[in-house]
Amino acid sequence: MNKHVILTGDRPTGKLHIGHYIGSLRQRVALQETGDYDTYIMIADQQALTDNARDPEKIKNSLIEVALDYLAVGLDPEKSTIFVQSAIPALAELNLYYLNLVTVSRLERNPTVKAEIQQKNFERSIPVGFFTYPVSQTADITAFKADTVPVGDDQEPMIEQAREIVRSFNTIYGKEVLVEPQGVFPAKGSGRLPGLDGNAKMSKSLNNAIYLSDDADTLKKKVMSMYTDPDHVHVEDPGRVEGNTVFTYLDVFAKDQQHVADLKEQYQAGGLGDVKLKRYLSDVLEEELAPIRSRRLEYAKDIPAIYDILQKGSEKANEVAAQTLKEVRAAIGVNYFE
Ligand code: TRP
């Protein structure tokens, strides 16, 4: 039996934070370690350019940061193929064929793209490449015949779009060339980590993130600044646990959940101060992040070696994607000269 194939990735628009770690990186490493998958991890620099065309320097710098984050969390180039989107020309050509299988109105209904257009204040000035990135993402997935795509909940519409394109392609061109992918989403409750300020989303633009690369001091300071219960003014006041970001993080990260339950009880009764609670969270996070941070520092000592890993991964990915493109061209019938 053929192995299952995983394809997933990230836009290099900045360093990755602990929201990425909880939402997807952790799961990718676990899937990698099962040995049941051919795993492809793509740094989506072309997709990042769809809304950053005027800031290529940012993408270039972030490419290395993201690669370091990957290696630091335990993605292993011996087990997973880590590669760069722009190094795989077949992806652009697949995208071109798929664009004809999707309507403008179908793309307009994509809720994630819709939300992003609002967030980025594009209004009517939406770059065409940005508008069609769900199609390009279908090229990314299908080029590797990936059947498994581990992503955050916000990527669900992209998987649905990919499945539709695959079905159209296979119906129209009469061949079982493309594989319909399945999304793998984070378990309920662990999907999205709120920002330090209690905002539902941790993100660079909101300036409320803890990065995998933050040093111990920065981590501590960020935890100390976290949003708790604004009405919990004195230590002896009863405090609220729901919507209290410190507890949300403890739910996700603390190994000793019995202790967390005790702390919640104490906090609600009154008598547990925010500073003490935050010190505990800071220790919990430090334990989880220290090994990631030190691996990251180690890898960062030799940046040419990182480019080397990406180049080797891209060479391997190129072979696979070129083969799929060949089959796609044959199915459509544009292989006149073969
Ligand atoms: N859209 C993803 C993100 O913003 C990145 C990505 C590009 C991706 N192509 C993909 C994810 C293909 C999964 C599959 O992080």
Side-chain angles (χ1 to χ4, degrees), residues 4-17 19-28 31 37-52 58-59 62-63 65-67 69-70 73 75 80-88 90-92 94-95 98 107 110-117 119-120 127 129-166 178-186 191-192 201-205 209 313-314 317 320-321 324:
H4 288 291
V5 180
I6 288 177
L7 179 288
T8 187
D10 300 274
R11 295 180 197 174
T13 53
K15 299 171 175 189
L16 300 181
H17 52 61
H20 294 116
Y21 179 64
I22 293 305
S24 71
L25 297 174
R26 195 170 63 158
Q27 191 184 29
R28 285 183 210 170
L31 289 169
Y37 300 87
D38 267 340
T39 303
Y40 294 89
I41 311 283
M42 182 181 79
I43 307 184
D45 59 339
Q46 290 177 324
Q47 190 177 109
L49 282 165
T50 63
D51 61 332
N52 290 281
K58 173 166 96 180
I59 310 304
S62 303
L63 184 97
E65 300 291 350
V66 169
D69 288 329
Y70 282 171
V73 297
L75 288 172
S80 299
T81 305
I82 304 174
F83 71 100
V84 179
Q85 187 180 28
S86 62
I88 318 297
L91 299 179
L94 289 172
N95 181 38
Y98 298 167
L107 284 173
N110 185 309
T112 299
V113 175
K114 244 193 209 167
E116 285 172 309
I117 287 170
Q119 261 166 37
K120 297 173 203 291
F130 179 81
F131 182 65
T132 61
Y133 89 73
V135 182
S136 135
Q137 196 153 325
T138 303
D140 305 336
I141 295 167
T142 56
F144 300 92
K145 302 198 173 167
D147 56 5
T148 309
V149 186
V151 277
D153 293 322
D154 62 325
Q155 297 292 302
E156 215 259 348
M158 311 306 157
I159 309 295
E160 197 43 49
Q161 180 72 78
R163 293 164 60 81
E164 285 177 29
I165 292 175
V166 167
L178 302 180
V179 175
E180 234 181 273
Q182 301 280 347
V184 179
F185 303 99
R192 181 163 277 183
K201 197 178 168 185
M202 178 175 282
S203 88
K204 193 176 71 171
S205 48
S314 299
V320 177
T324 303

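We count ligands from 1, going down the list as the structure has it; atoms in each ligand are counted the same way. For clarity, every value in this text was computed on a predicted model and none was experimentally measured.
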**OP:** Flag T8 as yes when one of its N or O atoms lies below 3.5 Å from any N or O atom of ligand 1, and as no otherwise.
**Re:**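 There is no such contact.
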Original post:
Could an N or O of ligand 1 be found under 3.5 Å from any N or O of Q137, whether backbone or side chain?
Top reply: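 Yes, there is a polar N/O contact under 3.5 Å.
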Number the atoms of ligand 1 from 1 as they appear, then name those within less than 4.0 Å of a heavy atom of [X], with their elements.
X: R11; value: 4 (O), 15 (O)
X: L7; value: 12 (C), 14 (C)
X: G9; value: 5 (C), 11 (C), 13 (C), 15 (O)
X: I141; value: 12 (C), 14 (C)
X: V151; value: 11 (C), 13 (C)
X: A44; value: 7 (C)

Original post:
Should the proximity of M158 to ligand 1, defined as any heavy atom under 4.0 Å, be assigned to the side chain, the backbone, both, or neither?
Top reply: neither
Original post:
Heavy-atom contacts under 4.0 Å between M42 and ligand 1: side chain, backbone, both, or neither?
Top reply: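 Side chain only; the backbone of M42 stays clear of ligand 1.
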**OP:** Nearest 0.5 Å please: distance from the CD atom of Q161 over to the CD atom of Q137.
**Re:**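 So the gap between those two atoms works out to 10.0 Å.
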Subject >> Ion pair check, R11 and E116, cut-off under 4.0 Å >> reply: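 E116 and R11: salt-bridged.
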Original post:
Under 4.0 Å between a Lys/Arg side-chain N and an Asp/Glu carboxylate O for D154 and K201?
Top reply: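 K201 and D154: not salt-bridged.
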**OP:** Kindly assign one of parallel, tilted or perpendicular to the pair F83 and Y40, based on the angle between their ring planes and the thresholds 30° and 60°.
**Re:** perpendicular
Subject >> Minimum heavy-atom distance between L91 and A139, given as atom pair plus value >> reply: O-CB, 3.5 Å
Original post:
So which protein heavy atom does atom 9 (N) of ligand 1 come closest to, and at what separation?
Top reply: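 Closest protein heavy atom to atom 9 (N) of ligand 1: D140 OD2, 2.8 Å.
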Subject >> Flag, side chain of T50 to backbone of Q46, donor-acceptor distance under 3.5 Å >> reply: no
Subject >> Side-chain heavy-atom pair V113, F130 within 4.5 angstrom cut-off >> reply: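 They are in side-chain contact.
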